[in-house]
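Convention: sequence-line order gives letters A, B, ...; per-chain numbering from 1.
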Amino acid sequence: MSDFAISGIMERLSQLDDDLVALYGYSKRFEIVIVGGGALMLTNLAPESRFTSDIDILTSSAEIESFFNRYDMNADVSTFLFQYPENWRKRHQKIDFDGEVLDVFTLSNEDIAITKLLAWRDSDKEDLLNMKKAGSINDETLWAILNDPTELEVNMSEEEWTIFIEKVHEFLDW
Amino acid sequence: MRRPTFSRWISKEIRHLSGNDSLNLRKLASRAQSSSPRMIEPLLLYAIETKKTQALLDLVWREDIRVSYENVLAALRDYESIQSMALSEEDFAFLPREYGKFLSSYRAAYRKPETDAESKRLRWERSRDIQLKKGISNAEIYKALGLNPGNVNAYMKHGALDKVSLQNSTDIMKYLYSLD
């Protein structure tokens with residue numbers, strides 16, 4: 001079994017879930033918000049060939065942070081949280097993971113697309129193309145987020161915003 | 001549990017990433033430079049490990065990838081082996097981020113025995129706590145779960161973590177929790 005396949009991700013989440021049960025029992029629930037390749041794989045937004053080398057954590061319950069290294073999770077991406085749409089939490093989606101105490105979330109499809117548009121590496125363009133081919137991005141919802149100046153534009157300079165919107169148009173024209 | 005050498009691990013992962021269980025360098029290089037940019041970094045690590053670096057460079061037609069490969073090769077020049085570097089370095093900030101992520105993944109795979117042992121220890125502590133509070137015997141546990149009596153006794157009484165699998169230690173913990 002590959003460490004990078006979806007089964008590898010699920011195995012790590014299950015072991016983490018059971019670790020949390022061991023430490024805290026069933027008295028409380030914990031949550032993590034996954035982004036990046038792990039999110040695409042867990043929400044079936046990526047083809048079977050998609051892989052991720054680690055699990056990118058956007059936010060998590062504080063108790064989970066000490067487990068990050070153990071399960072090849074990292075919160076580096078959280079330093080870019082200020083660039084994410086402001087209201088992503090209102091749109092985030094629960095991943096189909098049957099945790100005893102752990103709830104796993106990711107961003108909405110459109111917010112995932114926005115993070116990919118922001119990064120705009122070759123690998124992100126590959127993901128965006130796959131999402132577009134699968135019809136998993138609602139253009140109307142995407143534009144509703146982008147047209148709300150409090151979501152993204154507020155965190156960018158005018159030049160950065162202009163460049164970003166050009167990327168959006170380029171993407172939508174693929 | 002046998003620890004993976006970097007060589008075995010990267011070969012396994014490259015086979016998976018290839019999509020068709022292949023280690024054909026020409027095909028892998030072609031995919032990495034066209035449809036699967038995510039293969040760029042692990043492919044170089046694989047080539048270094050299998051001493052096929054020059055062969056890979058000869059297959060690279062994209063100048064941006066060639067330059068990035070040469071930079072990474074320069075950064076790794078003073079290391080005897082990728083395995084020893086991956087297991088000894090605190091972080092991989094001297095490499096581009098994607099390389100660091102792969103090496104961190106290898107390190108996590110190498111350290112899985114410790115991770116599993118720590119998970120078993122957590123389960124054992126919780127299990128002992130519940131067992132003592134509820135007055136459950138070891139016999140009840142191994143009979144209910146169909147486990148080896150000697151192994152369960154050694155695990156529950158003496159914390160012999162090596163006597164049960166991670167799954168069994170989890171099952172024991174959840175069984176004890178389930179008892180009212």
Side-chain angles (χ1 to χ4, degrees), chain A residues 1-9 11-12 14-27 36-38 40-41 46-56 63 66-74 76-77 79-80 100-101 119-130 133, chain B residues 4 9-10 12-20 31-42 45 62 64-65 91 97-112 114-116 118-127 129-130 166-167 169-174 177-178:
Chain A
M1 180 178 72
S2 169
D3 294 339
F4 301 154
I6 189 168
S7 52
I9 298 175
E11 186 187 317
R12 281 181 272 168
S14 286
Q15 193 167 336
L16 170 61
D17 183 47
D18 290 332
D19 284 353
L20 293 169
V21 169
L23 273 174
Y24 301 102
Y26 293 95
S27 60
L40 291 173
M41 293 164 74
E48 235 176 84
S49 56
R50 182 62 164 88
F51 64 90
T52 187
S53 52
D54 61 357
I55 301 176
D56 290 318
E63 295 90 339
S66 60
F67 291 93
F68 282 175
N69 276 343
R70 227 180 278 185
Y71 295 115
D72 201 17
M73 298 174 173
N74 80 82
D76 295 347
V77 71
T79 57
F80 298 104
E100 305 257 1
V101 294
W120 202 238
R121 298 162 299 187
D122 284 349
S123 51
D124 299 298
K125 293 176 190 175
E126 182 191 353
D127 287 335
L128 285 165
L129 186 59
N130 286 326
K133 281 181 186 171
Chain B
W9 182 82
I10 193 68
K12 179 195 76 167
E13 296 304 342
I14 287 289
R15 280 187 189 279
H16 172 77
L17 302 181
S18 75
N20 57 2
R31 270 195 74 183
Q33 295 176 87
S34 54
S35 58
S36 299
R38 281 194 173 74
M39 289 196 64
I40 291 170
E41 293 83 11
L45 293 174
R62 279 180 50 178
D64 58 330
I65 295 176
D91 65 47
R97 187 165 177 259
E98 289 302 317
Y99 289 92
K101 289 172 75 169
F102 271 94
L103 295 170
S104 293
S105 292
Y106 168 65
R107 191 159 57 192
Y110 186 88
R111 291 177 182 169
K112 194 156 189 331
E114 283 82 12
T115 299
D116 287 357
E118 179 57 19
S119 287
K120 277 198 258 183
R121 187 188 65 76
L122 293 175
R123 285 148 182 67
W124 174 71
E125 286 182 355
R126 176 61 68 179
S127 297
D129 185 52
I130 300 172
L166 179 60
Q167 185 58 57
S169 69
T170 305
D171 291 344
I172 290 170
M173 177 183 71
K174 290 186 179 179
Y177 260 124
S178 73

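B/Leu166 touches chain A through its side chain: at least one heavy atom from C-beta onward sits under 4.5 Å away, while N, CA, C and O do not. In this structure, chain A has no heavy atom under 4.5 Å from any part of B/Ser127. Looking at B/Arg38, both its backbone and its side chain come within 4.5 Å of chain A, counting heavy atoms on both sides. Proximity to chain A is limited to the side chain of B/Trp9, based on heavy atoms less than 4.5 angstrom apart. Contact of A/Arg12 with chain B is not made at all, since no heavy-atom distance falls under 4.5 Å. At a 4.5 Å heavy-atom cutoff, the contact between B/Arg97 and chain A is made by side-chain atoms alone. Neither the backbone nor the side chain of B/Glu114 comes within contact range of chain A, judged by heavy atoms closer than 4.5 Å. Only the side chain of B/Thr170 comes within contact range of chain A, with heavy atoms under 4.5 Å apart.
Closest approach of B/Ala109 to B/Pro4, counting heavy atoms only: O-CD, 3.9 Å. Taking both residues in full, the closest heavy atoms of A/Ile6 and A/Met41 are given as CD1-O, 3.2 Å, listed atom of the first, atom of the second, then distance.
With chain A as the partner, the residue from B/Ser36, B/Ser18, B/Pro37 showing the most heavy-atom pairs under 4.5 Å is B/Pro37. Ranked by heavy-atom pairs under 4.5 Å with chain A, the first of B/Ile130, B/Asp116, B/Asp129 is B/Asp116. Here A/Asp19 is the residue among A/Leu16, A/Asp19, A/Asp122 with the most heavy-atom pairs under 4.5 Å with chain B.
Of the N and O atoms on the side chains of A/Glu126 and A/Asn130, not one donor lies less than 3.5 Å from an acceptor on the other residue.
Comment: B/Lys174 engages A/Glu100 in a salt bridge, judged by a side-chain N to carboxylate O separation of less than 4.0 angstrom. Using a 4.0 Å cut-off between a side-chain N of Lys or Arg and a carboxylate O of Asp or Glu, A/Asp18 and B/Arg126 do not qualify as a salt bridge.
A tilted orientation is assigned to the rings of B/Tyr110 and B/Tyr106, their planes being inclined by 30° to 60°.
Residues A/Ile55 and A/Asp72 have side chains not in contact (no heavy-atom distance under 4.5 Å, counting atoms from C-beta outward).
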